[in-house]
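Report on one structure; see the data block that follows.
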Amino acid sequence: MAKPRRPCFARCSRSSTTMAREDRYNVKETERKWQAAWESRQCFQASEDTSRPKYYVLEMFPYPSGRIHMGHVRNYTLGDVVARFKRAQGFNVLHPMGWDAFGLPAENAAIERGAHPGQWTYSNIDTMREQFKPMGLSIDWSREVATCRPEYYRHEQKMFLDFLKQGLAYRKESWVNWDPVDNTVLANEQVIDGRGWRTGALVERRKLSQWFLKITHYADDLLDALTGLDRWPEKVRTMQTNWIGKSEGARVQWAIAGRDGESIEVFTTRPDTLFGASFVAISAHHPLTTELAATNTALADFVAECDRMGTSEEAIETAEKKGYDTGLRVIHPLDPTWTVPVYVANFVLMDYGTGAVFGCPAHDQRDMDFARKYGLPVKAVVAPKGADADAFARDLESATEAFTDDGVAINSGDFNGLSVTDAKRAAIAKVESLGKGQGTIQFRLRDWGVSRQRYWGCPIPVIHCDECGVVPVPEDQLPVTLPEDVTFDAPGNPLARHPSWQFVKCPCCGKDARRETDTFDTFFESSWYFSRFCDPRNADSAYDRNKVDYWMPVDQYIGGVEHAVLHLLYSRFFTRALRDCGYLSASEPFAGLFTQGMICHETYKSAEGKWLDPSEIDRRDDGSLVKIDDGSTVTVGRSEKMSKSKKNVVDPNHIIDTYGADAARLFMLSDCPPDRDMDWSDAGIEGAWRYLHRLWRMAGDVASDANPADVPTDGASDAGKLVRLCHKTIADVSEDLERLRFNNAVARIRELTNAVQALKQTDAASQNAYRFGLEMVIRLLAPMTPHLSEELWAELRGADALLAETAWPTFDPALLVQDTVTLAVQVNGKLRGTLDMPKSAPQAEVEQAALAMDNVQTQIAGKTIRKVVVVPGKIVNVVAN
RNA sequence: GGGGGCGUGGCGAAACUGGUAUACGCAAGCGACUUAAAAUCGCUCGACUUCGGUCGUACGGGUUCGAGUCCCGUCGCCCCCA
């Protein structure tokens, strides 16, 4: 904000009784001190220990961009609270960190700044590690991995060779989105509005030989197993379900008129609408198209036009639907006297279904649009239940909106009167009996193309030999490492133009051969890194089977929802593939998943509508904002995701420097539920800071001889009530942390803090209770604000044990029971007062006491009591009129 | 276009299975302390009010003794798929 108020508590200490205490909490020194203590005690190093239950908590590992951002702080704070909480509960916790270190930005840096991608990446990792350290995360740094190191990716190359053996990896020619500027293949999601996501260049279609992983082999299992992932957000499961896109339908043969024995096979999810067909559309890459285009330049031109479009479904859906009439006609499978025209259409994909569809304009909007454009007939074969079939069909003939709702079949011969579902079944049976097709299941999910024409990735370990074809690199020659001496002064893949790297002898025949110069998609590395953490220094294999089976699956995985489909689905696939290759036992990598919200911040715009940096703004005394250089008015925009372009980023290290890690962590956790987007605000972080300092001051008020082991637990005295509240708070906070409701946990702890502070220390019992209460606050807060908790724990308990190594507090259920309850008393559902009653009071007594209340009497005066509802422990409702 | 989610004070948000709406915090106001400010501590803080109450969880209906919560419809915002 305009005038950053530095927290200043230098003279706020109330008492100077303890000489040893400084007059303010020294955040920086204290946080550093405890980080060093944890490190020297190796508190967070994990080792396999079958005598204790394990808990594996993992946050999605970062890309080493060179700077941490607030999203990282939130992500790793959430995971750290879970890790510390579970550790205190006695679990053997694995909480590692690594770097998703391959990828395009490193190459772009090389192009722009001349730095080598490796050097750029490793130096970024060093920088970011140092930025993470002040957060005080309880990470086992001894397990750190970087995916760009040969010690990591050599195992990935071995995995690929195993996949090849198992038939889970294969090579095929495939259409790809080609970015003509970056000279690389783009994934569908990297194509935005038909343009490359980075370059903005119009994407072209090209055919290349690519490596694929057979994710479709597991399509059914990946879909079915989603049901068992009950600790995943429903949202993510739905997204994966849609992505896999299982649909039931039929393949149907349409014989080509005038071509004996030749037919076009179409896939349809609506076999019930066969009688409404008015055309068949085939892909621009259908074999029949290719054949016809060879002698038809107009068609060839049309195919070329289709190629200029991306391959994504979005691109296809948003593009104008166009077709080319081939002049061929095909015979209706259920009526040999009926033929329809064959179009080549730009909306039919060769690699989905059969590359051909039939069009039923009456019941599919896309087909309707197509029919209107090319003057094709529209024949209704489904009508709403109860509608006049003839009238409905007549209306639809000239309509522009297709009827896609459920209904009953009309104009469909034997199927007439059947529901859509029944008609589908009948149609499939019919085409099967005629030998013209069969029912089938189709997935939207396509095999995963993993080839990338890039330098900074894991080399694909195969060799191309003119004699022997594709030859896997022998395992004893792994890893295939990247050459260091590469140049980025020309477009395209530096590996492909390296003078020597690719030229090798064929491992089979010994003749001259060439290495594969493509590298893996970087999702390859992130699909198994979580298992590598189980045994990260293993040089012989990806990991020891016993170790990986001890730790896997990850019990709690935390990250952004943007990875809901690709990363998470690839990881689920990879785990299954590795299981089938004998690597591990788990089928699912992540038993629990949590998706956090984004960090947002206010934005500022100048009078001309330009984004402004907070440093360019001043706040006037009347509260309005002006631009410093010219005094013009500044408008406060809505809070948006932090991004450089909107100039609303807050630097985490600056925050930690000013307020300390504990305050930053606490504010992140307390402001809102972790799955929601949160607003970062200076006022918020200052509030957290003030609270922590208040705790620090309260510790100075603890009587030196107070004994927390000797406290009253009665429900009558203030001290006893406080102790009971402590037990209640332990129960509530434990539950909240378990369910990742950190904002609620903080609220409960602050309530307890308020109660502790309100307790007057008048005698030994109250002094003991005060100390007991404050210690409880510190312990419950420890997973969230570990440094301050550790500091105050040491101050109160001496140096005997680190709080990081102290068990989570337990509560006495007997002290949670209230002997009196406060009942709400209502008349006709409206609150008229409350009533304190013994919990055991009989209903009749409660009813009587409620009716005796003055407020109740005035409300029911002149009315007749119809009913009295008594819900024990909750409410009394007097119904009168 | 289809699917999902959300809508509560000035603001971020609580409210377990329908049972005292607004916990906890932020901002604001008043007071104490101070030469003064900051900090700290205490109090106030949904709206209206004839001070009895009345209204109030986006809007309109419904179910129920009782609805922020369940059902139907409308509006608005967000996300995903297209």
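Quick caveat, the model's predicted, so the values are computed rather than measured. Chain letters run A, B, ... following the sequence lines, proteins first, then strands; residues in each count from 1.
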Write down the atom of A/A402, the atom of A/P361, and the distance for their closest heavy-atom approach.
CB-O, 3.6 Å
Do the ring planes of A/H693 and A/W689 sit parallel (below 30°), tilted (30 to 60°) or perpendicular (above 60°)?
parallel
Kindly say if A/Q240 contacts the phosphate of B/C80, meaning a side-chain N or O under 4.0 Å from OP1 or OP2.
no
Short side-chain N/O contact to B/A38 OP1/OP2 from A/R24, under 4.0 Å:
no
Can you tell me, in whole Å, how much space there is between the P of B/G5 and that of B/C72?
12 Å
Classify the ring geometry between A/Y570 and A/W448 as parallel (under 30°), tilted (30 to 60°) or perpendicular (over 60°).
parallel
When rounded to the nearest Å, what value does the distance between C1' atoms of B/C79 and B/U44 take?
40 Å
Distances under 3.5 Å between protein N/O atoms and the N/O atoms of nucleotides 51-57 of chain B, please, pair by pair.
from, atom 1, to, atom 2, distance (Å)
B/U54, OP1, A/R832, NH2, 3.4
B/U54, OP2, A/R832, NH1, 3.2

Atom pair distance, as rounded to whole Å: CG in A/L568 and P in B/C80:
15 Å
Classify the nucleic acid contact of A/Q826 as base, sugar-phosphate or nothing, counting any heavy atom under 4.0 Å across all strands shown.
base
Non-hydrogen side-chain atoms of A/N828 and A/Q859 separated by less than 4.5 Å:
no
Is there a side-chain contact between A/I558 and A/L740, using heavy atoms and a 4.5 Å cut-off?
no
What integer number of Å spans the C1' atoms of B/U74 and B/G9?
25 Å
Going by heavy atoms closer than 4.0 Å, what residues in residues 730-747 of chain A are next to RNA chain B?
A/N743, A/N744, A/A747
Which of B/A23, B/C24, B/U20 is nearest the side chain of A/T822? It is B/U20
How are the rings of A/W680 and A/F667 set to each other: parallel, tilted or perpendicular (split at 30° and 60°)?
perpendicular
For the pair made of CZ in A/R74 and P in B/G12, what is the distance, rounded to whole Å?
15 Å
Residues, nucleotides or ligands: over 12 heavy atoms within 6.0 Å of A/E562 CD
yes
Mind telling me whether A/W232 and A/F590 have parallel, tilted or perpendicular rings, with 30° and 60° as the class edges?
tilted
Could you measure between the two C1' atoms, the one in B/C81 and the one in B/C65, and give it in whole Å?
45 Å
Report the nucleotide, chosen from B/A23, B/G19, B/G12, that has the shortest atom-to-atom distance to any side-chain atom of A/D679.
B/G12
In whole Å, measure the gap between the P atoms of B/C78 and B/A27 for me.
29 Å
Is the base of B/G9 syn or anti, where syn means the angle lies within 90° of 0?
syn
Given B/C65, is OP1 or OP2 found less than 4.0 Å from the side-chain N or O atoms of A/K867?
yes
Under 6.0 Å from the ring centre and within 45 degrees of the ring axis: does the NZ or CZ of A/R750 meet both conditions for the six-membered ring of A/Y691?
yes
So what is the 5' to 3' dot-bracket string for RNA chain B, if pairs are Watson-Crick or G-U wobble with both distances under 3.5 Å, crossing pairs use [ ] and | means the partner sits on another strand?
(((((((..(((......[....))).(((((.......))))).(((....)))..(((((..]....)))))))))))).
Say we look at B/A14 and B/G25: how far apart would their C1' atoms be, to the nearest angstrom?
11 Å
Write down the distance separating the P atoms in B/U8 and B/G2, rounded off to the nearest Å.
26 Å
Salt-bridged, A/D701 to A/R697, with N to O below 4.0 Å?
no
B/A27, OP1 or OP2 - any side-chain N/O from A/R690 closer than 4.0 Å?
yes
Roughly how many Å apart are B/G4 and B/U40, using the C1' atom of each and rounding to a whole number?
49 Å
